Amino acid sequence: MPSDQDRAGSLRTDSLKDKNPDTRKHAVQSLGLVSPEEPYLSQLEGMLDDKDVEVRLATITSLMDLKNKRTISVLRKALDSDVPEVSFAAAKALWTLNDPAGHEALLADLSGETKASSGFITTHKREARRMLHTPKVLFLFALQ
């Protein structure tokens, strides 16, 4: 019979691969509560490439909470994201961790060189796509 630690690891791995973005988001948030060691850090790093923006934002928050030396290099990669919210969150996290790259990115946002949020249409397309993968939200939308 598998130990509790093995069962928890299996459940965590399955949750990170789940089709529902809310499940993946909660799994990423739980990884921010564990020790900043392997394999947790690699799993979080991989979730920065998730197709759901909320999962990526939760990943950045979890990486910031771990406060590991390696998280700074991972967060610097997130600065180059094509989604403005993700790059802005990475800049805030790096600034919180006293990294100069975060300071520079935040100054670029303030000066208008970069955007801190997506446009209206892009945001609504993203929300509609997300709704299709979250059955509870889709059901409530259909009821309305």
Side-chain angles (χ1 to χ4, degrees), residues 2-141:
S3 69
D4 289 341
Q5 191 172 15
D6 293 337
R7 287 182 34 227
S10 175
L11 181 61
R12 181 182 58 249
T13 303
D14 292 344
S15 297
L16 289 171
K17 296 176 183 176
D18 198 271
K19 195 171 111 176
N20 187 331
D22 284 335
T23 303
R24 293 193 312 269
K25 179 180 169 184
H26 294 303
V28 163
Q29 289 170 335
S30 71
L31 284 174
L33 302 173
V34 296
S35 67
E37 298 170 3
E38 290 301 329
Y40 311 117
L41 199 53
S42 294
Q43 289 174 331
L44 276 173
E45 187 175 351
M47 295 307 287
L48 275 176
D49 297 326
D50 195 88
K51 57 189 170 193
D52 189 69
V53 174
E54 287 189 34
V55 173
R56 286 189 262 173
L57 293 173
T59 302
I60 289 170
T61 303
S62 293
L63 283 167
M64 185 180 69
D65 290 342
L66 290 179
K67 295 181 181 167
N68 185 311
K69 292 179 183 178
R70 189 168 141 206
T71 60
I72 290 178
S73 63
V74 174
L75 289 170
R76 283 185 180 174
K77 291 178 194 173
L79 279 176
D80 298 329
S81 175
D82 56 340
V83 179
E85 291 89 349
V86 173
S87 59
F88 184 72
K92 287 190 328 185
L94 286 168
W95 180 75
T96 302
L97 296 172
N98 298 318
D99 187 68
H103 181 72
E104 292 171 20
L106 288 176
L107 286 176
D109 283 337
L110 285 173
S111 67
E113 293 175 28
T114 58
K115 295 187 330 180
S117 63
S118 297
F120 179 78
I121 293 174
T122 304
T123 302
H124 285 297
K125 273 184 12 184
R126 190 181 307 137
E127 288 172 1
R129 196 174 320 124
R130 188 174 206 286
M131 189 184 334
L132 292 174
H133 295 286
T134 50
K136 182 179 177 182
V137 175
L138 185 61
F139 178 72
L140 292 174
F141 179 76

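Bear in mind that the values here come from a model prediction, so they are computed numbers and not experimental data.
Here CG of Leu63 is found 5.5 Å from CG of Leu48. Values are rounded to the nearest 0.5 Å. The distance from the CD atom of Gln43 to the NZ atom of Lys17 is 9.0 Å, given to the nearest 0.5 Å. Going from atom OG of Ser87 over to atom CG of Asp82 covers 9.0 Å, rounded to the nearest 0.5 Å. Expressed to the nearest 0.5 Å, how far OG of Ser30 lies from OH of Tyr40 amounts to 9.5 Å. Taking CD of Glu85 as the reference point, atom CG of Leu57 lies at 7.0 Å (rounded to 0.5 Å). Separating the CG atom in Asp52 from the CG atom in Asp22 is a distance of 8.0 Å, to the nearest 0.5 Å.
Side-chain contact check for Leu11 versus Arg7: every heavy-atom pair is 4.5 Å or farther apart. Between Ser73 and Arg76 there is no side-chain heavy-atom pair separated by less than 4.5 Å. Side-chain atoms of Leu41 and Leu31, non-hydrogen and from C-beta on, never get closer than 4.5 Å to each other. For the pair Leu44/Leu66, a side-chain contact is recorded, criterion being any heavy-atom separation below 4.5 Å from C-beta on.
The two residues Lys51 and Arg56 come nearest to each other via the heavy atoms O-NH2, 3.8 Å. In this structure, Ser15 and Ala27 approach most closely via the heavy-atom pair CB-CB, 3.6 Å. For Arg24 against Asp18, the heavy-atom pair with the smallest separation is NH1-O, 2.8 Å. Counting all heavy atoms, side chain and backbone alike, Ala93 lies closest to Met64 at CA-SD, 3.6 Å. Leu79 approaches Ala105 most closely through the heavy-atom pair CD2-CB, 3.8 Å. Shortest non-hydrogen contact noted between Ile60 and Ala78 is CD1-CB, 4.3 Å.
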Working note: Val28 + Asp50, criterion side chain to side chain contact (heavy atoms under 4.5 Å, CB included); need CA distance, chi angles, decisive distance, verdict. CA-CA 11 Å; Val28 163; Asp50 195 88; over 6 Å; no
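The main-chain N or O of Asp6 is never found under 3.5 Å from a side-chain atom of Ser10 such that the two would form a donor-acceptor pair.
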